[in-house]
Amino acid sequence: MSLILKNSNLIDGTGRVVPDAVVATAGSKIVAAGPAAEVHLPEDGAEVIDLHGMTIMPGLIDLHVHLHGQGEADEVTRMRLLTETDAYQAVILAENARRTIEAGFTTIRDMGAPKDINIDLSRAVRDGILKGPRIIPVCTIDMTKLPGAFDVHGTRGNVTGPVEARRAAREKIAAGAEVIHVKATGALYGKFGPHTLILSVEEMQAAIEEAHKLGKLSTAHACGAAGMKNAVIAGVQCIEHGQWLYADDELVQMMAERRVGWVPTLMNNFVKLAKLREAEATGTKSGLADYVEKRVVHMVEPHRRSFERAMEAGVPAPIGSDCGAPFTPNGTNALELEMYVKYGATPMQAIEAATRVAAETLQIDDQIGTIAPGKEADLIVVSDDPLRDIRVLQNHENICLVIKGGKILVDRRNSAHPS
């Protein structure tokens, strides 16, 4: 299949805007892109699509989602994971993958699922059995599970000591994990809070070294600055959440110099705090556990300060929404771009964070993330201009076309209303 998308504005992922642009594809690849007056188009009977001044962008990338989550209150998720079958959970993952591609996200990192179902889902999408984004499956290495503890974020390699951490990483990679996710600190949820140190430097280092040796990537769940620094010292390539990054200037410098990615998941805590404030104003229950309510109040402002500090220092900050977590259902991923702009990024910087920067963090920027000849034809067409208002990406009706690997997966042109 070949396509010629013409009469469009082009945001190519590099910070460049090209008016009156054309993009041509052949098979799964982009073969031409640029100003219409300068691009030599193939003469092979391609389907020509006149976009009437709409905007072409690279397919969006989200580096932190939970496809097994429905965005419901935490206790609802907990009970569902306890009571439902693995087959039912797989159906939920498949439906949430569909919602994500409908939102214009053509590549995602799924951060873990019950029985590591995300690995099989990734394969099903790759084989063309299911419609969804390109899925990079992640598996987690955590400390030995406490008696009676329950994990709502999927099957983890629970370890004590570097030897077990190395073994667990090997097992997860052998099963199909593309990214090893080490637990550096506690979190908003769970027995241990965001400043509690979980895995030691030595344990993380063993798992990370094994991942890198086998050609896979690594990332770390880390909220407090001490845990973040431990993960960076251990050699991790990326940090998730990192609300207190701003508290340690040396850490900020280390991440900037080593090009350690920071996936801040800004919308997660912001949405929960808004839910809490709404409940307080109406005299209703927020749906959050009491200890979560107490923690989230103290996380939003450090998060904002950390984002400002990261932008100032040049820390790579790719988009990650945490969709699937409570009150952030899959398909609402583009809210994260609005949060970037709310906290000081330009709309173009937010778009680059969800395209080029995310692809660089995945180390597949030679394949996706920008629009250039030779790259995968992962494209979206937007009826309104996201540089004028980044929020237009949140309305699925504005996402007129979603193309992944040269194939049109979503087509809403008949319902589009160009501005």
Side-chain angles (χ1 to χ4, degrees), residues 63-64 109 111 138 140-143 162 165 179-190 192-209 211-212 217-270 295-296 298-322 336 339-340 343-345 349-350 352-353 357-358 360-363:
L63 295 193
H64 194 118
R109 249 186 356 181
M111 300 305 293
V138 179
T140 299
I141 309 296
D142 202 348
M143 72 177 190
V179 183
I180 292 299
H181 179 221
V182 294
K183 188 81 177 292
T185 74
L188 178 64
Y189 288 93
F192 300 109
H195 296 286
T196 304
L197 301 179
I198 302 298
L199 294 180
S200 68
V201 171
E202 292 75 19
E203 288 168 327
M204 288 189 285
Q205 188 171 38
I208 290 165
E209 284 180 355
H212 297 176
L217 303 179
S218 64
T219 192
H221 168 101
C223 298
M228 294 178 73
K229 183 175 281 186
N230 281 350
V232 172
I233 291 169
V236 81
Q237 296 165 320
C238 191
I239 297 287
E240 314 294 313
H241 310 303
Q243 288 91 343
W244 280 271
L245 170 63
Y246 83 95
D248 189 325
D249 285 338
E250 183 183 25
L251 169 63
V252 173
Q253 183 178 354
M254 289 168 66
M255 291 182 66
E257 290 176 352
R258 301 183 189 189
R259 307 302 293 166
V260 175
W262 176 47
V263 182
T265 63
L266 298 172
M267 64 188 262
N268 187 353
N269 291 331
F270 186 85
R295 287 175 183 170
V296 75
H298 300 292
M299 296 178 87
V300 171
E301 179 58 18
H303 222 168
R304 182 192 64 77
R305 293 178 65 181
S306 290
F307 186 78
E308 290 177 349
R309 185 72 184 89
M311 291 281 293
E312 178 185 274
V315 175
I319 287 286
S321 67
D322 217 351
E336 186 70 8
M339 293 303 304
Y340 272 50
Y343 285 173
Q349 287 173 323
E352 288 186 78
V357 179
E360 289 171 353
T361 302
L362 290 173
Q363 297 185 9

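Numbers for residues simply follow the sequence, beginning at 1.
When all heavy atoms of Ala225 and Leu251 are compared, the pair lying nearest together is O-CD2, 3.7 Å. In plain terms, the two heavy atoms of Ala207 and Val182 that are nearest each other are CB-CG1, 3.9 Å. Listed here is the closest heavy atom pair of Gln349 and Gly344: OE1-O, 4.4 Å. Closest approach of Pro162 and Ala206 over heavy atoms only: O-CB, 3.4 Å. Contact record, Gly227 with Ala184: O-CB, 3.6 Å, taken as the closest heavy-atom pair.
The aromatic rings of His221 and His181 lie perpendicular to each other, with more than 60° between the two planes, well past the 30° mark.
Counting heavy atoms from C-beta outward, Ile208 and Ile180 have side chains that stay 4.5 Å or more apart. For the pair Phe192 and Lys183, the minimum side-chain heavy-atom distance is 4.5 Å or more. Using a 4.5 Å heavy-atom cutoff, the side chains of Val179 and Arg109 are in contact. Within the 4.5 Å cutoff, no side-chain heavy atoms of Tyr246 are placed close to those of Glu308. Between Thr265 and Val263, some side-chain heavy-atom pair lies under the 4.5 Å cut-off. The closest side-chain heavy-atom distance from Ile319 to Leu63 is not below 4.5 Å. Looking only at side-chain heavy atoms (C-beta outward), Met204 and Asn230 come within less than 4.5 Å of each other.
Side chain of Glu203 to main chain of Ser200: a donor-acceptor pair is present (N/O by atom type, distance under 3.5 Å, no hydrogens or angles). Looking only at distances, no side-chain donor or acceptor of Arg258 sits under 3.5 Å from a matching main-chain atom of Gly235. Under a 3.5 Å cut-off, the side chain of Ser306 and the backbone N or O of Gln243 do form a donor-acceptor pair. Between the side chain of Glu336 and the backbone N or O of Met267, at least one donor-acceptor pair lies under 3.5 Å. Judged by distance alone, with hydrogens and angles left aside, the side-chain atoms of Trp262 form a donor-acceptor pair with the main-chain N or O of His241 at under 3.5 Å. Thr185 contributes no side-chain N or O that, together with a main-chain N or O of His195, makes up a donor-acceptor pair within less than 3.5 Å.
Defined by atom type and a distance below 3.5 Å, a donor-acceptor pair is present between the side-chain atoms of His212 and Ser218.
From Arg304, atom CZ reaches atom CZ of Phe270 across 11.5 Å, with rounding to the nearest 0.5 Å. Note that CG of Leu188 and NE2 of His298 are 11.5 Å apart. Values are rounded to the nearest 0.5 Å. Taking CG of Leu362 as the start and CD of Gln237 as the end, the distance is 10.0 Å to the nearest 0.5 Å. A distance of 4.5 Å separates SG of Cys223 from CE of Met299, quoted to the nearest 0.5 Å. Rounding to the nearest 0.5 angstrom, the gap separating the CD atom in Glu240 from the NE2 atom in His64 is 5.5 Å. Annotation: the span from Ile141 atom CD1 to Ile198 atom CD1 amounts to 14.5 Å, rounded to 0.5 Å.
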Verdict with reasoning, Cys238 to Arg259, per side-chain contact (heavy atoms from CB on, under 4.5 Å):
CA-CA 9 Å; Cys238 191; Arg259 307 302 293 166; over 6 Å; no

Decide side-chain contact (heavy atoms from CB on, under 4.5 Å) for Val315 and Val260; before the verdict, give the C-alpha distance in whole Å, the side-chain angles of both, and the deciding distance to 0.1 Å.
CA-CA 7 Å; Val315 175; Val260 175; over 6 Å; no

Does the pair Thr219 and Ile239 meet the rule for a side-chain contact (heavy atoms from CB on, under 4.5 Å), with working shown?
CA-CA 6 Å; Thr219 192; Ile239 297 287; 5.8 Å; no

From CA spacing to verdict: side-chain contact (heavy atoms from CB on, under 4.5 Å), Gln205, Ile233:
CA-CA 8 Å; Gln205 188 171 38; Ile233 291 169; over 6 Å; no

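The existence of a salt bridge linking Lys229 and Glu250 is confirmed by a sub-4.0 Å separation between a basic side-chain nitrogen and an acidic carboxylate oxygen.
For Phe307 and Tyr340, the gap between ring centers is short of 6.0 Å.
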